[in-house]
Amino acid sequence: MDDKIETTAEAAEAHAMPRCHEVHSDPDQPCIGAAAKALAEKPNENKSPAQWAYERMILYIQNFEKTLDEEHEVAMGFVGGDAGVLRIEGMGYFDPDIVTFYGEDASGARTQLVQHVGQLSVMLRAMPKPAKVAVPNRIGFRLAEDLAKA
C-alpha cells in the first residue's frame with residue numbers, strides 16, 4: 001500500500017481510464033499498450049461509446065499493420081456472419097453508438113459496414129494488396145494522424 005491520497009473524483013477518473021494488456025508468444029510482436037496509454041491521456045468524460053470504439057479500433061488496425069509486409073493490407077472479416085471480408089479504406093463513428101467501416105470486398109464491390117458498438121466483433125486479416133497498387137494502403141496510420149489532430 002502506498003501513501004498516495006486521491007480525491008473521490010481522481011479515483012473515479014482513474015477507474016474510467018481505459019486499460020490495455022497484451023502478451024504474445026513472439027516477444028517481437030507489437031503491442032498496443034503504448035498507444036493505448038497515449039489515448040488514455042486525452043480527456044474522456046465527453047466521449048461516446050462510438051468514439052471510444054472508434055479510437056480503440058484505430059489502435060488495433062495500426063498495430064496489425066505493423067506486422068504486414070509490403071504485399072499485404074489490412075482487411076476485416078465479419079465475425080458471426082457470412083458477409084465476407086472488407087478491405088478497410090475508411091472508418092468513422094456516429095454518436096452515440098455507431099461505428100462505420102468503408103472499403104471494398106474481395107470482388108472489388110464498394111462496401112460499408114454500419115455496426116452498433118454493442119455488437120462490434122471484427123477480425124483483422126491480412127489481404128494481398130491489389131496488383132495495380134505499387135505500395136500497400138496503410139489506413140491505420142492515416143486514421144491515427146486524423147485522431148491526433150482532433
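Numbers here simply count residues along the sequence, with the first being 1.
Annotation for Gln112 and Val114: closest pair NE2-CG2, 3.7 Å, computed over non-hydrogen atoms. Nearest heavy-atom pair across Gly92 and Tyr54 is CA-CE1, 3.5 Å. Nearest heavy-atom pair, Val117 versus Ala53, reported as atom, atom and distance to 0.1 Å: CG1-CB, 3.7 Å. Nearest heavy-atom pair, Ala50 versus Asp95, reported as atom, atom and distance to 0.1 Å: CB-OD1, 4.0 Å. The minimum heavy-atom distance linking Ile61 with Ile88 is given by the pair CD1-CD1, 3.9 Å. Contact between Arg138 and Glu73 at its shortest, heavy atoms only, is NH1-CA, 3.8 Å.
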Please report, to 0.1 Å, the donor-acceptor pairs under 3.5 Å made by any side chain of residues 123-136, with sequence neighbours excluded.
from, atom 1, to, atom 2, distance (Å)
Lys129, NZ, Val133, O, 2.7

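Under a hydrophobic clustering in which Ile, Leu, Val, Met, Phe, Trp and Tyr are joined whenever their side-chain heavy atoms come within less than 4.5 Å, directly or via other members, Tyr60 and Tyr93 fall into the same cluster. If you chain together hydrophobic residues whose side chains sit under 4.5 Å apart, Leu68 and Ile58 fall into the same group. Grouping the Ile, Leu, Val, Met, Phe, Trp and Tyr side chains by contacts below 4.5 angstrom, directly or via other members, places Ile98 apart from Leu143. Two different hydrophobic clusters hold Met76 and Val85 under the rule that ILVMFWY side chains link at heavy-atom gaps under 4.5 Å.
By the ring-ring contact (aromatic ring centres under 6.0 Å, His included) test, Phe101 is found to be paired with no residue, residues two or more places apart in sequence or in another chain being considered.
The main-chain N or O of Lys66 is never found under 3.5 Å from a side-chain atom of Asn63 such that the two would form a donor-acceptor pair.
A distance of 5.0 Å separates CD in Gln115 from CG in Leu113, rounded to the nearest 0.5 Å. One finds the CD atom of Gln62 at 12.5 Å from the CE atom of Met57 (value rounded to the nearest 0.5 Å).
Applying the salt bridge (Lys or Arg N to Asp or Glu O under 4.0 Å) definition to pairs two or more places apart or across chains, those involving residues 107-121 are Glu89-Arg110, Glu104-Arg110.
Within the 4.5 Å cutoff, the side chain of Glu65 has heavy atoms near those of the Ile139 side chain. Within the 4.5 Å cutoff, the side chain of Arg87 has no heavy atoms near those of the Asn137 side chain.
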